[in-house]
Amino acid sequence: MGVRCVAIRACGGVLQRALSLHTAHATKDMENLFQLVRNIVPALTSSKKHKGQDGRIGIVGGCQEYTGAPYFAGISALKVGADLTHVFCAREAAPVIKSYSPELIVHPVLDSSNAVEEVEKWLPRLHALVVGPGLGRDDLLLNNVRGILESTKARDIPVVIDADGLWLVAQQPALIHGYHKAILTPNHVEFSRLWEAVLSSPMDSNDLRGSTLKLSQALGNITVVQKGEQDLISNGQQVLVCNQEGSSRRCGGQGDLLSGSLGVMVHWALRAGPEKTNGSSPLLVAAWGACTLTRECNRQAFQKYGRSTTTTDMITEVGTAFSRLFTT
Ligand SMILES: NC(=O)C1=CN([C@@H]2O[C@H](COP(=O)(O)OP(=O)(O)OC[C@H]3O[C@@H](n4cnc5c(N)ncnc54)[C@H](OP(=O)(O)O)[C@@H]3O)[C@@H](O)[C@H]2O)[C@@H](O)CC1
Ligand SMILES: Nc1ncnc2c1ncn2[C@@H]1O[C@H](COP(=O)(O)OP(=O)(O)OP(=O)(O)O)[C@@H](O)[C@H]1O
Ligand SMILES: [Mg+2]
């Protein structure tokens, strides 16, 4: 049984009944989704686990201007439950990122002439790649990332593309078209940019669900997560909605928390296999889980810190938010 997004088609006197039916369906779908995410989370009960098994995640990003974003993505992946995180960044960003945390493994290779080969050395050991947080838009870096993406696809490794990685995809959609293990996580501006690049027309902002579905289809049914007041997640066949309560605090970096979390969850979902996701797309389940978690971190942090909430405060909440949502 797959999870659906229920559409309402009703008018006049039947509207009320249809709405309660819709609410009942929506609640059931939501319960199903929570259960599917719980199904993919690896148990921590076995004593036979070895380091790396629950996730070796690569983050491709970090340049002179942006060092926070790859840090947020990398540390979020670890806090969600990955065992190791490798950050591949530009040379001058590396000491800065290392200084934020001893837990990240940092490779200062992204602006070198052999960047692709340097990352390729690690690719066979990585379970998923998150491409874009704090990458910037320098042509040299983007060209290297193009090569890294080609190599990632050739090895069938799942890839989450965010931020400036989406800028690159908007320049060259063929790079990712039809790659069934790709998930794009655009914010509102990034979504519009992708839409215009791929569909060559202005998007209909009155139908965000339909737009998410269409963009996914136009990109060869890859998974698209349009972030916003509600997160809309589609693989071109169905649309899931995540409207977990968050807050009005919109500090920068929340998208990085989401993309890092998703890097781990996509690995877990693919490893769990279709039985655990009950026939639903593992990528959709992972994306819904990561969106729900990010919004819950935002809600919990906001309850404590209100206006002064920052992404660091949200990351502190990952453990309790995760337990509250996904630990039975
Ligand atoms: N601490 C760090 O290191 C962080 C680094 N980061 C890194 O920064 C890089 C650039 O990423 P980015 O998201 O700032 O992209 P970009 O296309 O320049 O858009 C900026 C402009 O778009 C607009 N806008 C945005 N959202 C909107 C919305 N929902 N609805 C409407 N408008 C919206 C808004 O425009 P304004 O309101 O100012 O006119 C905004 O100023 C990338 O590498 C990323 O990873 C971040 O991860 C944060 C933490
Ligand atoms: N209006 C909103 N109301 C509630 N939650 C929101 C809203 N807009 C975004 N979010 C949530 O914030 C998280 C990050 O989305 P956002 O649009 O801020 O990403 P972003 O712009 O890429 O962030 P970043 O600053 O990291 O680049 C998502 O989980 C999304 O659900
Ligand atoms: Mg972003």
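Quick caveat: nothing in here was measured; it's all calculated off a predicted structure. Side chains included, hydrogens not; waters and symmetry mates left out as well; all remaining heavy atoms used. Numbers here are sequence positions counted from 1.
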**Study point:** Those residues that, when tested against Phe322, pass ring pair (Phe, Tyr, Trp, His ring centres under 6.0 Å) (two or more places apart)
**Key:** Phe326
**Study point:** Gln230 vs Arg209 side-chain heavy atoms within contact, under 4.5 Å
**Key:** yes
Exercise for review: Group every Ile, Leu, Val, Met, Phe, Trp and Tyr by side-chain heavy-atom contacts under 4.5 Å, then state whether Leu104 and Met314 land in the same group.
Suggested key: yes
Point to revise | salt bridge (charged side-chain N to carboxylate O under 4.0 Å, His left out) partners of residues 191-205, not counting sequence neighbours, each pair once | key: none
Practice item. Please test Gln237 against Gln217 for side chain to side chain contact (heavy atoms under 4.5 Å, CB included), starting from the C-alpha separation and ending with a verdict. Key: CA-CA 8 Å; Gln237 291 169 331; Gln217 287 169 348; over 6 Å; no
Practice item. Can you measure from SG (Cys242) to CD (Gln226) and round to the nearest 0.5 angstrom? Key: 13.5 Å
Point to revise | Spacing of OG1 belonging to Thr310 relative to CD1 belonging to Ile315, to within rounding of 0.5 Å | key: 8.5 Å
Check your understanding: Looking at residues at least two apart in the chain, or sitting in another chain, which of them share a ring pair (Phe, Tyr, Trp, His ring centres under 6.0 Å) with Trp268?
Key -> none
Practice item. Give a yes or no on whether the backbone of Gly246 and the side-chain of Arg249 come within a donor-acceptor separation of less than 3.5 Å. Key: no
Exercise for review: Using the rule that two of Ile, Leu, Val, Met, Phe, Trp, Tyr join whenever any of their side-chain heavy atoms come within less than 4.5 Å, decide whether Leu84 and Ile157 are in one cluster.
Suggested key: no
Check your understanding: So, are Arg299 and Glu317 salt-bridged, with charged N and O less than 4.0 Å apart?
Key -> no
Check your understanding: Which heavy-atom pair separates Ala182 from Leu283 by the least distance, and what is that distance?
Key -> O-CD2, 3.9 Å
Check your understanding: What ring pair (Phe, Tyr, Trp, His ring centres under 6.0 Å) pairs are there with at least one residue in residues 139-172, not counting sequence neighbours?
Key -> none
Review point. Can you check whether Val225 reaches Leu184 side chain to side chain, under 4.5 Å on heavy atoms?
Key: no
Point to revise | CA sep, side-chain torsions, deciding dist, call: Asp231, Val241, side chain to side chain contact (heavy atoms under 4.5 Å, CB included) | key: CA-CA 6 Å; Asp231 294 330; Val241 181; over 6 Å; no
Practice item. Tell me yes or no: between the side chains of Thr320 and Arg324, is some donor less than 3.5 Å from an acceptor? Key: no
**Study point:** side chain to side chain donor-acceptor pair (under 3.5 Å) involving Gln172 - partner list, sequence neighbours excluded
**Key:** Arg146
Point to revise | Reported CG-to-CD1 distance for the pair Leu129 and Ile59, which is rounded to 0.5 angstrom | key: 8.0 Å
Check your understanding: Is there a donor in the side chain of Thr292 and an acceptor in the side chain of Gln244, or the other way round, less than 3.5 Å apart?
Key -> no
Practice item. Report yes or no: does Asn114 contribute a side-chain atom to a donor-acceptor pair with the main-chain N or O of Glu117 at less than 3.5 Å? Key: no
Point to revise | CA sep, side-chain torsions, deciding dist, call: Ile222, Leu219, side chain to side chain contact (heavy atoms under 4.5 Å, CB included) | key: CA-CA 6 Å; Ile222 66 175; Leu219 284 163; 3.8 Å; yes
Review point. Just checking, any donor-acceptor pair under 3.5 angstrom between side chains of Asp313 and Thr316?
Key: no
Review point. CG/Leu232 to OG1/Thr212 distance, rounded to the nearest 0.5 angstrom?
Key: 4.5 Å
Review point. If you look at every heavy atom in Ala128 and Gly263, which pair is closest and at what distance?
Key: CB-O, 3.4 Å
Review point. What's the spacing between Leu258 CG and Lys227 NZ if we round to 0.5 Å?
Key: 6.0 Å
Point to revise | Any donor-acceptor N/O pair, His127 side chain to Arg56 backbone, under 3.5 Å | key: yes
Check your understanding: Sequence neighbours excluded, which residues qualify as side chain to side chain donor-acceptor pair (under 3.5 Å) partners of Asp156?
Key -> Lys181
Exercise for review: Using the test side chain to side chain donor-acceptor pair (under 3.5 Å), find all partners of Asn221 that sit at least two apart in sequence or belong to another chain.
Suggested key: none
Review point. So if you build clusters from Ile, Leu, Val, Met, Phe, Trp, Tyr with side-chain heavy-atom gaps below 4.5 Å, do Leu78 and Val266 land together?
Key: yes
Check your understanding: Is a side-chain donor-acceptor pair under 3.5 Å present for Glu118 with Ser112?
Key -> no
Check your understanding: Going by distance alone, is a donor N or O of one side chain under 3.5 Å from an acceptor N or O of the other, for Ser216 and Asn235?
Key -> no
Review point. Of the options Asn39, Leu36, Leu240, which is the one that meets Val285 in a side chain to side chain contact (heavy atoms under 4.5 Å, CB included)?
Key: Leu36
Exercise for review: Measure across Val159 and Tyr179 and return the closest heavy-atom pair with its distance rounded to 0.1 Å.
Suggested key: CG1-CE2, 3.8 Å
Study note, to complete from the structure: Smallest heavy-atom separation, Leu141 atom then Cys63 atom, equals CD2-CB, 4.2 Å
Revision key, fill the gap. The side chain to side chain contact (heavy atoms under 4.5 Å, CB included) partner of Thr223 among Val160, Leu284, Leu262 is Leu284
Practice item. May I have all residue pairs that pass ring pair (Phe, Tyr, Trp, His ring centres under 6.0 Å) and include part of residues 180-201, sequence neighbours excluded? Key: none
Point to revise | Lys49 side chain reached by Pro42 side chain, heavy atoms, under 4.5 Å | key: yes
Check your understanding: Can Met265 and Val37 be said to form a side chain to side chain contact (heavy atoms under 4.5 Å, CB included), step by step?
Key -> CA-CA 9 Å; Met265 290 177 100; Val37 178; 3.7 Å; yes
Check your understanding: Under 6.0 Å from the CZ atom of Arg250, do we count more than 12 heavy atoms belonging to anything else shown?
Key -> yes
Point to revise | Over all atoms of both residues, closest heavy-atom pair of Leu168 and Val145 | key: CD2-CG1, 3.8 Å
Check your understanding: Same cluster for Leu270 and Ile233 if Ile/Leu/Val/Met/Phe/Trp/Tyr side chains link at under 4.5 Å?
Key -> yes
Check your understanding: Once you round to the nearest 0.5 Å, how far does OG1 of Thr309 lie from CG of Asn298?
Key -> 7.0 Å
Check your understanding: Salt-bridged, Glu245 to Arg295, with N to O below 4.0 Å?
Key -> no
Check your understanding: Taking side chain as C-beta onward, heavy atoms only, is Ile40 less than 4.5 Å from Pro282?
Key -> no
Exercise for review: Determine whether Phe88 and Ile105 fall in the same hydrophobic cluster, where Ile, Leu, Val, Met, Phe, Trp and Tyr are linked whenever their side-chain heavy atoms lie under 4.5 Å apart.
Suggested key: no
Review point. Taking atom types as modelled, is there a side-chain donor on Thr311 or Gln254 under 3.5 Å from an acceptor on the other?
Key: no
Study note, to complete from the structure: Residue set satisfying salt bridge (charged side-chain N to carboxylate O under 4.0 Å, His left out) with Arg271, at least two apart, ordered chain then number -> Asp54
Practice item. Any pair with a residue in residues 64-76 that passes side chain to side chain donor-acceptor pair (under 3.5 Å), sequence neighbours left out, goes on the list, sorted by first then second residue, please. Key: Thr67-Tyr100
**Study point:** Distance-minimising heavy-atom pair for Ala321 and Cys297
**Key:** CB-SG, 3.9 Å
Study note, to complete from the structure: The side chain to side chain donor-acceptor pair (under 3.5 Å) partners of Ser308 (sequence neighbours excluded) come to none
Practice item. Would you list the pairs meeting side chain to side chain donor-acceptor pair (under 3.5 Å) in which at least one residue belongs to residues 77-94, sequence neighbours left out? Key: His86-His107
